[in-house]
Amino acid sequence: METPVIDFHAHIGNWGRHRVNGNIERYIEIMDHAGIDMACINCIFLGDARIANDRVAEIVAKNPARFVPAAFVTPHYPDEAISELERAFYQLGMKYLKIYPDYYQKPNDHPDYFPIYEWLNEHKIPVMSHATYPFDGPDITVTERFRNLSVRYPDIPWILAHAGSSGPGQLAKEIREIRNIYLETCGSGAVKEAIENSVELVGSDRVLFGTDMPLLDARHQIGKVITADISDNDKRKILGGNTIKLLNISTNHTN
Amino acid sequence: MGQVDLDFQPTVPVFDANVSLGRRHNQRVSVDSPEGTLSEMARAGVQRAVVYSPHAVNFDSRDGNNLLLETIEPHVGFVPQFVGNPTFDNLDEFSSEVAELNIRSVRLAPIPHKYPFQDWIVGEWLEWMESENLPIWIDAPNVDPAELHAVVKSHPKANFLLAEVHYAHLPWAIPLLKSLPNTYIELSRFVSVDGVNRLLNLIGGKRILFGSRFPESSMAPQVYSLHLNDLSNEDLTAICAGNLERLLGLT
């Protein structure tokens, strides 16, 4: 069956500490095996966001039919963040911001992110973030955190990464009521019924297929959606329809 | 437009090497019954599964093994696996029961059972399993890698299946598989990019086994993924069922 398939959550580059080779030709071959038209790629592992975003833009420029650029800025250099956001979204054409608070050792509701969110809120640009952190105390839940952020920044669509790994089990049912919440499906855990639970929690219009390439294999990640016990219509939305609407993009690649 | 098969079913027989069955003390899993497990197997196109008791790993091996046998008795499709605790179970009784019930594999859990995986602890058990051609399952998170390497190396006639290998284990699991030909890998958590093809290049297709880690994980995604890896039919058939049949002596 033909349906638009867009990977909402992917990265670029080599990851030596996880023995991952980010060779882009092989990357595209695996996308083809999996039936993925396009992947939203980011580079979030550097201290210098400008270098990271340039690397993404270079790959997208060489493969515009296969990759969608996603931006990154670091909360440790707030003096550089706004100008880099303007460059990333209005010069490099990026479509959403990915933040990785675990890696940067700041939870996503830390005040250092607030100027970044204010700019994104003003421009109505989505943010994808990890949902829980190893340094979290017991005093806040995932649902509370995103409710607070959603109230403070109501025009940002918030995407919770890795709901397909462990997220849904940590989310309360009230998350459905939070404005502009989406769940993304990738993860190494492959928790049973994670996709079904995500659909139940927020509805199939707010679940986005992702892979975490090149850390995880896209063929396994898409298998979680393809083999989930949900309707074919829900699968089509999750695999690409929702991302097309959210990011206002079109696919022109033909597998 | 992306080409995907929403009606996917496997094209080869599938034998799951890693399913746990029964209730847990610390959580309620979504499927804890033989009926539910068989239903998921049917949905995923899995005909048979090696099953073990989580209670046997988490608390008491003998109690868990007995509970497993009672649970699966009337059902077809399950191949029971016993969990052994060499620091508590009586080897003579355990080996007699294994022989009597035709149990085809044994799972060891050094870290949950709180013993070092060293020859002076497990040597006698491993000699018995070598002599009976009984393969040994060990979950990667449940063993010290240095201890595992030393013991496996000193028992070259015993076959060890390393289960639940996550990408965090790759720095030691890959060299271990490469250096010790009596080791096998189960794929339930091995979802790193191009992982199966890398394994094929490294150790060939005869030491790689499909497993799901059900009910913690779903059965079908890894089966689906294997079918998209451009494997030869020989490798796909071996990984999905043939290697496990051979390891268990069922061929």
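None of these values were measured; they are calculated from a predicted model.
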Worksheet item: Which atoms of A/Ala218 come close to chain B, meaning under 4.5 Å heavy atom to heavy atom: side chain ones, backbone ones, both, or neither?
Response: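 Neither part, no heavy atoms under 4.5 Å.
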
Examine whether an atom of [X] lies under 4.5 Å from a heavy atom of chain A, and if so say whether it belongs to the side chain, the backbone or both; otherwise answer neither.
{"X": "B/Val196", "answer": "neither"}
{"X": "B/Phe190", "answer": "neither"}
{"X": "B/Asp5", "answer": "backbone"}

Is the number of heavy atoms from other residues, nucleotides or ligands within 6.0 Å of [atom1] ([X]) greater than 12?
{"X": "B/Asn201", "atom1": "CG", "result": "yes"}
{"X": "A/Glu29", "atom1": "CD", "result": "yes"}
{"X": "B/Glu73", "atom1": "CD", "result": "no"}
{"X": "A/Gln105", "atom1": "CD", "result": "yes"}

Worksheet item: Which one of B/Leu6, B/Asp7, B/Leu228 satisfies the side chain to side chain contact (heavy atoms under 4.5 Å, CB included) criterion with A/Ile226?
Response: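 Answer to the side chain to side chain contact (heavy atoms under 4.5 Å, CB included) test with A/Ile226 among B/Leu6, B/Asp7, B/Leu228: B/Leu6.
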
Item to complete: With a 4.5 Å cut-off on heavy-atom pairs, point out which of A/Leu215, A/Ile30, A/Val5, A/Asp212 contacts chain B the most.
Response: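 Ranked by heavy-atom pairs under 4.5 Å with chain B, first place is A/Leu215.
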
Item to complete: For chain B, find which of A/Asp229, A/Val225, A/Leu239, A/Thr211 contributes the most heavy-atom pairs closer than 4.5 angstrom.
Response: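 With the most close heavy-atom pairs to chain B, the winner is A/Asp229.
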
Item to complete: Go through the steps to decide whether B/Asp230 and A/His33 satisfy the test side-chain hydrogen bond (donor to acceptor under 3.5 Å, both in side chains), and finish with yes or no.
Response: CA-CA 8 Å; B/Asp230 270 350; A/His33 287 160; 3.0 Å; yes

Worksheet item: What is the minimum heavy-atom distance between A/His220 and B/Ser225, and which atoms define it?
Response: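 Scanning both residues completely, I find the closest heavy atoms to be N-OG, 3.4 Å.
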
Fill in: Non-hydrogen atoms of B/Pro221 and A/Gly223 that approach each other most closely
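Taking every non-hydrogen atom into account, CB-C, 3.8 Å.
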
Worksheet entry | Main-chain N/O of B/Val193 paired to A/Arg219 side chain as donor or acceptor, under 3.5 Å |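 Not confirmed, A/Arg219 side chain does not pair with B/Val193 backbone.
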
Practice prompt. Report yes if the side chains of B/Gln222 and A/Asp217 come closer than 4.5 Å at any heavy-atom pair, otherwise no.
Written response: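 No, every pair of side-chain atoms sits at 4.5 Å or beyond.
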
Discussion item. Are B/Asn197 and A/Arg26 packed together at the side-chain level, in the sense that at least one heavy-atom pair is separated by less than 4.5 angstrom?
Written reply: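 Counting from C-beta outward, B/Asn197 and A/Arg26 do come under 4.5 Å.
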
Distance check, rounded to the nearest 0.5 Å: [X] atom [atom1] versus [Y] atom [atom2]?
{"X": "A/Glu193", "Y": "B/Ser218", "atom1": "CD", "atom2": "OG", "answer": "6.5 Å"}
{"X": "B/Ser217", "Y": "A/Lys224", "atom1": "OG", "atom2": "NZ", "answer": "8.5 Å"}
{"X": "B/Arg43", "Y": "A/Thr227", "atom1": "CZ", "atom2": "OG1", "answer": "6.0 Å"}

Worksheet item: Applying a criterion of heavy atom separation less than 4.5 Å, what residues of residues 166-183 of chain B form contacts with chain A?
Response: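 Those residues of residues 166-183 of chain B which have a heavy atom under 4.5 Å from chain A are B/His166, B/Tyr167, B/Leu170, B/Pro171.
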
